Amino acid sequence: MALGCYGLWQFDEFILICIFSAVRSAGSNIVWVYSSLLLQKLSSASMRGRVFGVDYALAMLSESASALLAGVLQDDAGLSAAQVSLIMAVVAVVTLVMWSVYFSRECKAMQTNRSNI
């Protein structure tokens, strides 16, 4: 996802924008699929529909909020589309680093719990 946003910032040729838009979308879809799989594994069958309803609502809220933020940054802050793409790339990288740290700690904790059993 961050690579796609970085490419949108770096290049201005139409074909490259199309390619990096596809990369960004693929990264976003991968994140959503993995989160949905985790929700499916961790929620009970009786609550699964409600959980996925909230997941979908939050996904749509996040998508519309990022579009709103991009518009505000372009219109009110006077940033270019390339600068907004760079900001989105930085946010994606920060999120990736935070998730990676969390995930590695959780994996270590799960391995420790399994070895104690």
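Small disclaimer: the values here were computed from a predicted structure and weren't measured.
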Evaluate whether atom CD of Glu63 has more than 12 neighbouring non-hydrogen atoms of other residues, nucleotides or ligands under 6.0 angstrom away. no

Set of residues satisfying side chain to side chain contact (heavy atoms under 4.5 Å, CB included) with respect to Leu58, sequence neighbours excluded: Val54, Leu61

Side-chain donor/acceptor pairs under 3.5 Å, residues 85-101, sequence neighbours excluded:
residue : atom : partner : partner atom : Å
Ser85   : OG   : Ala81   : O            : 3.1
Thr95   : OG1  : Val91   : O            : 2.8
Ser100  : OG   : Leu96   : O            : 2.8

For the CG atom of Asp55 and the OG atom of Ser36, what is their distance to the nearest 0.5 Å? 4.5 Å

Remaining members of the apolar cluster that contains Ile30, side-chain heavy atoms under 4.5 Å: Val33, Tyr34, Leu37

Interatomic distance, OG@Ser62 vs CG@Leu69, rounded to 0.5 Å, equals 12.0 Å

Running the 4.5 Å side-chain criterion over Ile, Leu, Val, Met, Phe, Trp and Tyr, what cluster does Phe14 land in, apart from itself? none

Given side chains that start at C-beta, do those of Gln40 and Phe52 come closer than 4.5 Å, heavy atoms only? yes

Sorted by chain and number, sequence neighbours left out, side chain to side chain contact (heavy atoms under 4.5 Å, CB included) with Ser43 holds for Arg48, Val51

My understanding is that only residues two or more places apart in sequence, or in another chain, count here; which of them pass side chain to side chain contact (heavy atoms under 4.5 Å, CB included) with Leu68? Val72

Members besides Tyr56 in its Ile/Leu/Val/Met/Phe/Trp/Tyr cluster (side-chain heavy atoms under 4.5 Å): Trp32, Met60

Partners passing side chain to side chain donor-acceptor pair (under 3.5 Å) against Ser44 (at least two apart in sequence or in another chain): Ser46

Pairing residues for Ser64 by the side chain to side chain donor-acceptor pair (under 3.5 Å) criterion, not counting sequence neighbours: none

Contacts of Ala82 that satisfy side chain to side chain contact (heavy atoms under 4.5 Å, CB included) - sequence neighbours left out: Trp9, Ser80

